[in-house]
Amino acid sequence: MTLSEKFQALRRQIIDEEYSDLNPRQREAVYYSDAPLLILAGAGSGKTTVIVNKIGYLLKYGNTYNCDEPSFDVTQSDLEYLEESFRDPSIRLTNGYSFLMREARYSPYELLAITFTNKAAAELRERIGAKFNLDTTSLWALTFHSVAMRIIRQYAHLLGFEKNFSVYDENDSIRLIDSILKRLNINQQYTGKKVKHYISQAKMSYQTPEEFADVFDDRQNSHVPLVYDLYQQGLKEANAMDFDDLIFYGVKLLEDFPEVAERVNNRFKYVLVDEFQDTNDLQSRFVRLLAKGGKICVVGDDDQSIYRFMGASPDNILSFDHIYPDAMTVRLEQNYRSTENILDAANSVIAHNRSRKGKTLWSENGTGEKITYHNLPSQFEEGQLIASKILEGKVRQGKKYSDYCVLYRTHAQSNNIETALRSNGIPYRVFGSLAFYKRKEIQDMLAYLNVINNPYDYTRLSRIINEPKRGIGDTTLEKVLALAVRDERKFYDVLKDAKSYPELSKAAEKLTSFVALIEKYREMVPTEPLPDLFEKLYGEIGYENMLKSTYGLEDYKSKHENVMELLSNIKQFIADADDPTLGGYLEQTALVSATDTLDDGDDAAVLMTMHCAKGLEYDTVFITGFEEGLFPSMPSLGSTADIEEERRLCYVAMTRAKKKLHIISTRSRLLYGTVRPGIPSRFLEEIPHENMETAGGINHDPYARVQPKPQPRQPRITQIPVTVMPERHSTAVKYSAGQRVRHKIFGEGVITEAVNMSSDSLLTIEFEKAGVKKLMANFAKLETID
DNA sequence: TTTAGCTCAATTTTT
DNA sequence: TTGAGCTAAA
């Protein structure tokens with residue numbers, strides 16, 4: 001054995017030792033860094049751990065493990081030092097040691113890790129920072145859009161934009177499109193939302209308006225390409241970009257401007273992409289361009305691709321090895337999250353999909369409990385069942401509320417469940433329904449900041465110019481717009497000059513004072529701390545007074561609190577951001593969704609859509625509304641590809657559960673104001689018998705599709721308490737088993753069990769008509785019968 | 001210019 | 001059923 005071979009063997013031993021916590025597949029994924037790498041990471045397979053370790057490995061060892069011969073002459077003393085450090089862990093991490101180990105070590109500056117969500121990016125940064133004592137500020141672990149944003153900021157002038165450009169979210173974009181449709185006087189067969197969708201698709205195909213016009217063949221709506229064109233003009237005039245533009249212009253800079261490509265490609269030597277199954281064609285193109293100067297590794301799970309409807313093409317992952325013929329694939333199939341019953345069931349469901357790479361998850365977590373299937377009369381019982389299961393788990397098994405997660409296909413389903421949880425005193429949180437940043441008061445205040453930052457942002461400007469009311473109405477704005485078009489001036493410049501336009505007559509005064517307000521704050525920006533500026537602004541424009549006089553006391557309070565929340569958000573940002581400026585703050589808010597603020601601090605059950613649940617895990621999961629037409633959803637029933645996406649969603653939902661999974665379908669469901677019969681979802685039949693039990697018995701056989709029978713009208717709760725976190729007050733009445741009681745809805749029954757909790761008791765009551773229910777004494781409002 | 005009442009539409013949404 | 005956005009009247 002030559003010195004060099006000994007050295008090689010020894011350092012492999014050392015590296016293996018360092019990564020001994022990982023399983024062999026995970027290690028392979030970490031070590032393999034020579035060629036394009038596709039990591040197919042099943043649900044719960046320790047994907048983030050692998051990414052973090054891989055980044056650490058690249059920083060420390062480069063591609064040491066797989067190179068056959070060290071590229072330098074190994075001396076006897078190198079070997080001795082290595083041997084010594086191997087025996088004595090305390091010398092392991094010294095500089096001398098890592099120098100000897102390194103073959104082609106990467107600097108943090110040369111690495112780029114791309115994710116979809118800010119949350120994932122933040123988690124990555126945090127874990128890298130915690131694991132390696134390294135300066136990771138130069139390591140980019142960012143979302144797709146932030147990566148593009150950083151590049152575009154630097155080269156905005158090449159694209160004809162100012163550096164301080166605004167970013168439009170979905171809402172802003174639709175506002176702009178609506179205003180164009182209105183101007184064109186197009187009969188509203190196509191809503192702004194629909195047109196936005198087409199434009200978005202065009203951008204994802206990297207088509208300019210002209211190119212799009214050539215291929216768009218919907219004659220009925222031939223104006224769409226024109227709207228696309230006008231929309232782009234409008235954005236440019238407002239010095240603004242939408243989300244798709246960020247990627248679009250990112251690609252453009254890298255393709256059309258060699259000097260940009262050169263700088264970028266000289267920098268990034270290793271590009272990692274997370275959730276690759278969610279990339280759309282343009283994003284995937286962007287990734288290829290970014291990775292041109294180095295190596296690439298993508299991580300994803302084709303079985304968890306659930307955003308095809310937004311343009312994601314799971315084909316990107318399926319065809320990775322066509323694009324990179326020398327690509328290597330590693331499958332991570334060991335699951336560390338769920339029990340075998342849950343995994344086997346999920347595997348069996350997803351196996352019904354045809355377009356997939358194919359993977360089978362396994363675990364060493366034991367068989368666990370079977371999945372429980374419940375077939376219930378209506379959405380009313382669905383809520384009740386969930387409430388009673390949660391209470392039971394809380395009392396009997398000492399579980400926390402936050403161990404429970406309720407999943408549904410559409411937000412509209414949350415109401416029934418909320419009602420049931422409220423009436424049982426179970427604290428809960430609903431995620432994703434009304435995002436913080438989408439609330440009107442927040443959008444308004446942010447629009448002010450945006451206009452102060454970029455007064456040409458016409459869409460935001462028109463949002464706030466009369467909010468609070470300043471007597472500047474649509475008529476005036478239309479006049480200004482007409483003048484701007486006539487004189488080929490920017491909207492804001494006409495406002496500024498309002499007094500020199502006789503056409504504006506009386507309105508000119510109001511317009512000028514609005515401009516003066518904006519200008520005053522623009523001048524304050526460089527010197528005034530942002531939180532102070534914000535507070536002054538909030539007071540000066542009289543927004544709070546407007547809230548007070550427009551809304552009732554409750555609404556006013558909550559809206560004002562939201563604005564205060566925004567203020568503390570600003571303070572926080574200024575305190576710890578890299579770029580604590582107004583521009584920096586707006587950039588952040590533009591790219592940060594409210595789900596990022598998902599705080600899991602308090603003990604509350606969690607309600608969300610199945611889409612929202614991706615990446616999360618809970619001890620016990622309820623999948624509700626397991627009915628044909630709801631899940632899989634009605635619009636998906638016609639196409640195999642859509643059904644397959646629903647099936648992937650089912651797979652995602654099932655694999656969120658660690659220990660226990662409940663699946664619920666109802667025989668009749670009230671949704672969107674109409675009662676519709678429920679037929680158990682086709683996915684139910686795809687779950688093996690041995691992994692699932694059916695609760696109840698009669699009429700509950702999941703494998704015989706139940707024909708809906710007309711059900712007696714369910715009693716409905718009319719009085720709904722408003723509190724989400726109900727107060728607990730001790731009961732005066734003490735209940736005990738054997739007692740007869742009357743419930744407002746369920747009627748008369750006998751208490752069969754009473755379990756005392758801190759200030760309340762969980763009662764199991766056998767009702768004569770309604771059957772057995774579990775209720776909290778404080779909330780059940782029972783009457784005792786002697 | 002504002003607002004009350006009416007119509008219409010309603011999967012999923014990382015940025 | 002719920003809500004957002006538009007029209008008609010004040």
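Every chain is numbered from 1, with letters handed out A, B, ... down the list of sequences. Computation of the quantities below employed the complete heavy-atom set of this structure, encompassing side-chain atoms and omitting hydrogens, waters and symmetry-equivalent molecules. A quick note: this is a predicted structure, and the numbers were derived from the prediction, not measured.
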Could you state the CZ-P distance from A:Phe116 to B:dT15, rounded to the nearest angstrom?
10 Å
In whole angstrom, give the distance that lies between atom CD1 of A:Ile152 and atom C1' of B:dT15.
13 Å
Do the charged groups of A:Lys440 and A:Glu467 touch, with an N to O distance under 4.0 Å?
yes
From CG of A:Leu246 across to P of B:dT14 the rounded distance in Å is 16 Å
Base, sugar-phosphate alone, or nothing: which one does A:Tyr307 contact when heavy atoms must sit under 4.0 Å apart?
base
Step-by-step side chain to side chain contact (heavy atoms under 4.5 Å, CB included) determination, A:Ile643 to A:Asn353:
CA-CA 9 Å; A:Ile643 289 288; A:Asn353 271 6; 6.0 Å; no
Residues passing the ring-ring contact (aromatic ring centres under 6.0 Å, His included) test with A:Phe248, sequence neighbours excluded, are A:Tyr206
Once you round it to whole Å, what is the distance between C1' of B:dT14 and NE2 of A:His145?
8 Å
Length of the line joining A:Ile114:CD1 and B:dT15:P, which is rounded to integer Å
15 Å
Taking everything shown except A:Glu509 itself, do over 12 heavy atoms lie less than 6.0 Å from its CD?
no
For a quick test of reading the model: is some side-chain N or O of A:Thr475 closer than 4.0 Å to OP1 or OP2 of B:dT1?
yes
Atom pairs under 3.5 Å: protein N/O with N/O of nucleotides 7-11 of chain B:
| residue | atom | partner | partner atom | Å |
| --- | --- | --- | --- | --- |
| B:dT11 | OP1 | A:Tyr672 | OH | 2.7 |

For the pair made of CE in A:Met546 and P in B:dT2, what is the distance, rounded to whole Å?
12 Å
State yes or no: are the ring centers of A:Tyr198 and A:Tyr228 separated by less than 6.0 Å?
no
If you compare every side-chain N and O of A:Asn466 against the phosphate oxygens of B:dT2 (OP1, OP2), does one of them come in below 4.0 Å?
yes
Note: A:Arg356-A:Glu644 ion pair, threshold 4.0 Å (strictly below)
no
Pairwise 5' ranking along DNA chain B for A:Met310 and A:Lys469, keeping only the more 5' one
A:Lys469
Give one of base, sugar-phosphate or nothing for A:Ile472, where a contact means two heavy atoms less than 4.0 Å apart.
sugar-phosphate
Below 4.0 angstrom, N of the basic side chain to O of the carboxylate: do A:Glu587 and A:Arg153 qualify?
yes
For atom CZ of A:Arg175 and atom P of C:dC6, their distance in whole Å:
10 Å
Atom CZ of A:Arg308 to atom P of B:dT13: distance rounded to whole Å?
17 Å
